[in-house]
Amino acid sequence: MPDATLLTKLEHVIAANWTRQIAWLQELVRFPSVRGQEGPCQDWIAREFAGRGWSVDRYTLDEVALDHLPGFSPVMDTDYSRAVQVVATLRAPKPTGRSLILQGHVDVVPTGPVDMWTYPPFDPVVRDGWLYGRGSHDMKQGVSAMVFALDALRDAGVAPAGDVYIETVTEEECTGNGALSTLARGYRADACLIPEPTGHVITRVHVGVMWFRLRIRGVPVHVMMAQSGSNAILSAFAIIQQLQALTAKLNVAAKSHPMFAEITDPIKFNPGVIKGGDWGSSTPSWCEVDCRIGVLEGTSLEIARQQVLDAVACAAKADPFLSNNPPEVIWNGFQADGYHLKPGTDAEAVLAQAHQQVYGTPLEARNSTAVNDTRFYGLYYGIPALCYGPGGVGAHAFDERANLEELQRNTLAIAVFIADWCGTVSLD
Ligand code: ZN
């Protein structure tokens, strides 16, 4: 536990750096780092890290062999030579403390119609204590917190006594392959902290998530004789209804899950993108639907995939054309296991103590119906991984925003956590 003097010092330097931290976060939000376009954002971050004297490893996902590793998610139509990842190392001169990975993602989801935002999504506005913009909340504010927590330690005259890796990854919103690549590249530590915008609670368990594409065929005829054709869009509709029925069934079963019994309908199914057809007066001969479905923690993805295949087959069987032309199910994107951070790790105890010191309340836990990158560390590499960060509103929504007062306090909690976990050495 850091002495009260260090805590006070950290509080002061975080306040002193505050204007700079907000400007830094605004700069970060200004990059429209949607999938495939994260490069300029990551290049800027790499320069920022190098400017702090950290050694920087900048690479792209096509440079790293991933597809043989547990947790890998397959992708289509994605150019991994543009998927830039950044890992900076802040090496302890004589390491006496524990090492730490701080990881955040800089990929953001699409904005939807910009005219439905109060402020332009990539032109961050600060108003009434909130910073608006796509990614401001999820999770560029968390990235600013981990960077400015380290700045605070430096400005308070100390360095972590263990090696710290500061990682900004992509693909968190669709595969997790960015996080996986850092592990494939050999980065390891005694613990990992991912400051996703949890609103200063820890994520105890998260569901798994699978993405798949439905590829459905139809028979094009003039719509005046539609009965002799087969409408791929209406077929997609029937399949979606069957998948909704599957989801309802899974949510009944979830009522007896030890971690999700208290949450209403923890399994979410979402048809997220639909494309199909070529002409208003022809029955559409094709339709593609990109879907996302949750998987209860503890259920294997193999079983979950079979449940999806069975539901699609069941819908197809009820249709004369589809029964002979079965729809394809293409696993494209997230094949993500659920993850349960078991209580009792040293890392969590240290975080709980830091949180208590800064917030004055015990650290609370939540169970999440969405996925995050901690699973890679916890499930496949034996590294305790904590998902804990600042708060805000509007992840994936219009008018996404970060709460600045909360961000400042959370930056302090993270700084105290780093100091407690790694120990500190004086820079004098
Ligand atoms: Zn996120």
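Heavy atoms only: backbone and side chains are in, while hydrogens, waters and symmetry mates are out. First listed ligand is number 1; within each ligand, the first listed atom is number 1.
- The name of the N, O or S atom in His105 nearest to the Zn ion (ligand 1) is NE2.
- Figure legend: cation-pi geometry between Arg98 and Trp421, with NZ or CZ positioned under 6.0 Å from the six-membered ring centre and within 45° of its axis.
- For Leu183, the side-chain contact (heavy atoms from CB on, under 4.5 Å) partners are Arg188, Phe376, Tyr377, Tyr381, Ile383, not counting sequence neighbours.
- Residue pairs meeting the salt bridge (Lys or Arg N to Asp or Glu O under 4.0 Å) criterion with at least one member in residues 189-209, sequence neighbours excluded: Arg204-Glu348.
- With a 6.0 Å cutoff to the six-membered ring centre and a 45° limit on the axis angle, Arg185 counts as a cation-pi contact of Tyr59.
- With 2.8 Å as the limit, Glu196 counts as an N, O or S neighbour of the Zn ion (ligand 1).
- Taking backbone and side-chain atoms together, Glu172 has no N/O/S atom less than 2.8 Å away from the Zn ion (ligand 1).
- Taking the Zn ion (ligand 1) as reference, the nearest N/O/S atom within Asp138 carries the name OD1.
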